[in-house]
Every structure is written in structure tokens, then in C-alpha cells.
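Taking it in order: structure first as C-alpha cells, then the write-up.
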Amino acid sequence: MVEFLDSNAFLGPLRDAPMHGENAIFRGRIDVGSRSVRCYIKPFVATLRSSSGSSSTNNSVISEALGYTLAKASGLTVADTAGVIILRSDQIPENVLRKLLSQPSGSAPATEYVAWFSEDMKYPALLAECPSDAPDLMQIRNRSRVAADLAANGSAPAVLSFDEWTENSDRHLGNLLGGPSGGLVLIDHGRLFRTPAWTPASLGLDPALARNALRELIDGVIPGWSNRTRIRSARQLAYKAFSVAWKADGRDKAESILTEFLPPSEVTQVLEFLAARLEPSHYTSTVGLML
């Protein structure tokens with residue numbers, strides 16, 4: 001279940017978290033059902049501005065909530081507790097707020113921000129195995145080793161297929177955690193549907209532009225990995241499992257989340273897009289296996 005909380009639920013920041021990539025993120029405590037939960041918190045600006053000066057709505061928080069809900073419903077491992085919280089600007093650490101507003105696409109300062117939070121699972125991100133201050137050659141070797149480990153991980157085909165289904169373009173090593181028993185824990189779904197500026201009307205346009213970062217990472221080290229018959233079969237089985245979960249209660253849960261943010265007609269567009277991508281005629285072609 002995705003929580004929806006107001007600023008009164010914020011109990012205060014914790015020691016700074018390392019900020020990887022473009023996201024402004026910090027750790028804090030949030031009151032969730034009278035339980036103090038240590039969380040990673042990611043605020044978002046409401047409007048994105050392009051280099052040309054045009055503006056668009058930032059739908060990252062919808063992507064986060066929807067991606068979390070779909071992953072959990074599909075049996076993938078995600079944080080135990082997660083949700084949306086409204087934060088006042090004075091509740092966000094100054095260095096995080098500066099980073100948020102300094103982004104090229106950032107908008108003007110606001111008094112409140114919508115933020116996504118997820119419980120600190122205390123599992124290491126795979127990116128920790130690739131320190132950025134290592135010599136260049138060592139960085140290459142570290143990434144190759146992690147990619148090879150991912151290729152052998154039994155969870156990887158399902159994660160690849162999930163990102164393919166939802167068009168998540170940003171599954172990098174910073175949002176994959178090494179979970180218990182060697183499984184993978186998914187965090188950060190802010191790039192569902194390719195970009196934070198997605199709209200329901202834009203879904204499915206220019207399919208050739210969709211990318212799958214996890215597949216690119218592994219195939220870059222082990223050429224053709226994603227097209228091996230064993231991996232294709234595992235990917236197809238994952239799609240079938242997603243389809244079963246979608247029909248059981250995944251669709252209803254997705255609709256419940258989307259209804260919090262979008263008007264009914266746009267909710268229907270998103271649901272129809274996701275449902276169509278779970279049709280065997282679509283995913284068998286995507287995976288490269290016959291019906």
C-alpha cells in the first residue's frame with residue numbers, strides 16, 4: 001500500500017545520504033501509522049523546463065507510486081513501506097534544496113514540495129561496488145564484474161522484463177540493491193514511461209526510442225546475453241506472471257494509485273497502455289519467442 005501523508009508526518013532529517021546522479025535525496029524519519037520509519041526521501045519540483053524554455057508537468061511522483069505498486073503486486077522485492085509526503089521547503093535540508101533547484105530542468109522555489117519516500121532497507125546498492133574515485137581501469141573492471149554477477153542472477157530477467165513492460169529507462173546500479181539470498185531489491189521508479197515529462201497521451205509513441213538500461217549494462221559486458229534462449233524463456237515467464245498478477249489485483253491497485261493524480265480519462269489511457277503490453281502478442285514479439 002502506498003501511503004499519502006502531509007508535512008506533519010515528517011519527524012526530521014537524518015545524517016546526509018550520498019546523492020548519486022541527478023536526484024536530490026536525503027534521509028529522514030517519517031511517522032507512518034504511529035511508527036517512526038527511517039526513509040530515503042526524494043522531493044520533486046512541480047514543473048520541468050527544457051533548454052528551449054518550454055515547461056511541462058513533472059510526473060515523477062506518479063511514476064514512483066505506480067512503479068512501486070506494480071512491482072510489489074508482481075512479486076518483485078521493494079521497500080516494505082513507501083509513499084508520498086508533502087514537505088514544506090524549510091523541512092528539506094538546504095543542500096538538498098539547492099541541488100533540487102539547481103538542476104537544469106528545475107523550476108522556481110516553492111513553499112511546498114511533493115516527495116516520494118521509501119523505507120531504508122539497509123541493503124547495499126550495487127553502485128557501492130563501483131566507487132567513482134577508483135582509477136578508470138578499476139572502474140571498468142568493477143562495472144564488468146557487477147554486470148557479470150547480474151547476468152548470473154536469477155532475478156535479472158524478471159527485472160529486465162518489468163522495466164520493459166513499464167518502459168523504465170533508468171535502472172542503473174544506484175537503484176538496484178543486493179537483497180537477501182542474492183535477490184535484487186528495486187528502488188526508484190521515477191523514470192517509468194521513459195521520462196518524467198510523460199503524459200497519458202504520449203504513451204507508446206516512438207517505441208524505437210525506448211531503452212532498457214539493465215539490458216544495455218549486461219549485454220555490454222556479455223554480448224547477446226538478453227537474447228539467449230534461457231534468458232528469453234525466463235523473460236517470457238516473467239511477463240506471464242505479471243499478466244496473472246495484473247488480472248488478479250494489479251490493475252485495481254494501479255487504478256487506485258492513478259486516480260489520486262489523474263482524471264478518469266487519463267487513468268484509462270495509462271491502464272490500457274499497460275494492459276496492452278501484457279498481451280502475449282506483444283511480449284512474445286518483444287522477447288523474441290513464438291507463441
Side-chain angles (χ1 to χ4, degrees), residues 18 20-21 67-68 70-79 121-194 207-245 277-278 280 282-290:
H20 301 295
Y68 174 85
L70 291 176
K72 194 169 189 177
S74 298
L76 299 175
T77 305
V78 293
M121 300 289 283
K122 300 181 181 178
Y123 299 130
L126 299 187
L127 189 63
E129 300 181 36
C130 305
S132 59
D133 58 353
D136 290 347
L137 181 58
M138 187 61 68
Q139 289 189 45
I140 293 172
R141 288 177 176 174
N142 287 339
R143 287 183 66 84
S144 295
R145 175 177 51 78
V146 172
D149 289 345
L150 281 170
N153 192 300
S155 301
V159 176
L160 187 159
S161 293
F162 180 77
D163 288 345
E164 202 168 55
W165 170 34
T166 59
E167 291 196 335
N168 184 350
S169 63
D170 193 36
R171 182 67 63 200
H172 56 73
L173 297 181
N175 54 40
L176 274 175
L177 310 184
S181 304
L184 298 174
V185 179
L186 309 187
I187 60 172
D188 192 347
H189 304 279
R191 291 296 183 273
L192 254 60
F193 309 134
R194 310 182 204 177
L209 297 179
R211 64 183 294 261
N212 190 296
L214 180 60
R215 179 171 55 206
E216 291 174 5
L217 172 65
I218 300 176
D219 281 351
V221 173
I222 304 174
W225 169 82
S226 63
N227 287 320
R228 293 177 179 178
T229 300
R230 175 177 61 85
I231 302 302
R232 285 181 174 180
S233 296
R235 290 168 59 199
Q236 181 159 296
L237 285 174
Y239 267 109
K240 289 180 179 178
F242 300 156
S243 180
V244 170
R277 295 176 68 79
L278 289 179
H282 173 80
Y283 68 71
T284 51
S285 174
T286 298
V287 169
L289 289 175
M290 300 297 292

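Along the sequence shown, residues carry numbers from 1. It should be emphasised that the depicted structure is a prediction, and the values quoted were computed from it without experimental measurement.
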*First locate atom CG of Leu160, then atom CD1 of Ile231, and finally report the distance between them rounded to the nearest 0.5 Å.*
9.0 Å

*With rounding to the nearest 0.5 Å, note down the distance linking CZ in Arg232 to OG in Ser161.*
12.0 Å

*Would you check if Met138 and Asn142 make a side-chain contact, meaning some heavy-atom pair closer than 4.5 Å?*
yes

*Shortest non-hydrogen contact from Ala125 to Gly174?*
CB-O, 3.9 Å

*With rounding to the nearest 0.5 Å, note down the distance linking CG in Leu176 to OG in Ser155.*
10.0 Å

_Counterpart residues, ring-ring contact (aromatic ring centres under 6.0 Å, His included), relative to Phe193 (two or more places apart)_ = Trp198, Phe273

_Looking at Arg141, I want to see if its CZ is surrounded by more than 12 non-hydrogen atoms of other residues, nucleotides or ligands under 6.0 Å._
no

*Are the side chains of Leu173 and Leu217 in touch, meaning some heavy atoms are under 4.5 Å apart?*
yes

_Exam field: side chain Tyr68 to backbone Leu186, donor-acceptor pair closer than 3.5 Å_ = no

*asked:* Any non-hydrogen side-chain atom of Ser226 less than 4.5 Å from a side-chain atom of Arg235?
replied: yes

_Pairwise distance CH2(Trp225) to CG(Asp219) - rounded to 0.5 angstrom_ = 7.0 Å

*Where the side chain of Ser243 meets the backbone of Tyr239, is there a donor-acceptor pair that is under 3.5 Å apart?*
no

*asked:* Does this structure show an ion pair linking Arg211 with Glu167, if we count only N-O contacts that are shorter than 4.0 Å?
replied: no

*With the side chain counted from C-beta on, respond yes when Phe162 and Leu70 share a heavy-atom pair under 4.5 Å apart, and no when they do not.*
yes

*Please check if the side chain of Trp165 supplies one atom and the backbone of Arg277 the other of a donor-acceptor pair under 3.5 Å.*
no

_Any side-chain to backbone donor/acceptor pair from Thr77 onto Val185? Under 3.5 Å, distance only._
no

*Going by atom types only, do Tyr283 and Glu164 share a side-chain donor-acceptor pair under 3.5 Å?*
no

*Could you check if a side-chain atom of His172 sits within less than 4.5 angstrom of a side-chain atom of Asp170, using non-hydrogen atoms only?*
yes

*Might you point out which heavy atoms bring Ala158 and Phe242 nearest each other, and give the distance in Å?*
O-CZ, 3.5 Å

*Option from Leu214, Asn153, Asn168, Leu150 for which side chain to side chain contact (heavy atoms under 4.5 Å, CB included) with Val159 holds*: Leu214

*Lys240 side, atom NZ; Thr284 side, atom OG1 - distance, nearest 0.5 Å*: 9.5 Å

*Test Ile187 against Val78 for side-chain contact (heavy atoms from CB on, under 4.5 Å), laying out the working first.*
CA-CA 6 Å; Ile187 60 172; Val78 293; over 6 Å; no

*Taking every non-hydrogen atom, the tightest pair across Ala156 and Ile218*: CB-CD1, 4.5 Å

*asked:* Once side-chain contact (heavy atoms from CB on, under 4.5 Å) is applied, do any residues pair with Glu129, and if so which ones, sequence neighbours excluded?
replied: Leu126, Arg145, Val146

*asked:* Is there a side-chain contact between Arg171 and Asn175 in this structure, where contact means two heavy atoms from C-beta onward sitting under 4.5 Å apart?
replied: yes

*Heavy-atom side-chain proximity of Thr286 to His282 below 4.5 angstrom*: yes

*Determine whether Arg228 and Ile222 make a side-chain contact, defined as any pair of heavy atoms from C-beta on separated by less than 4.5 Å.*
yes

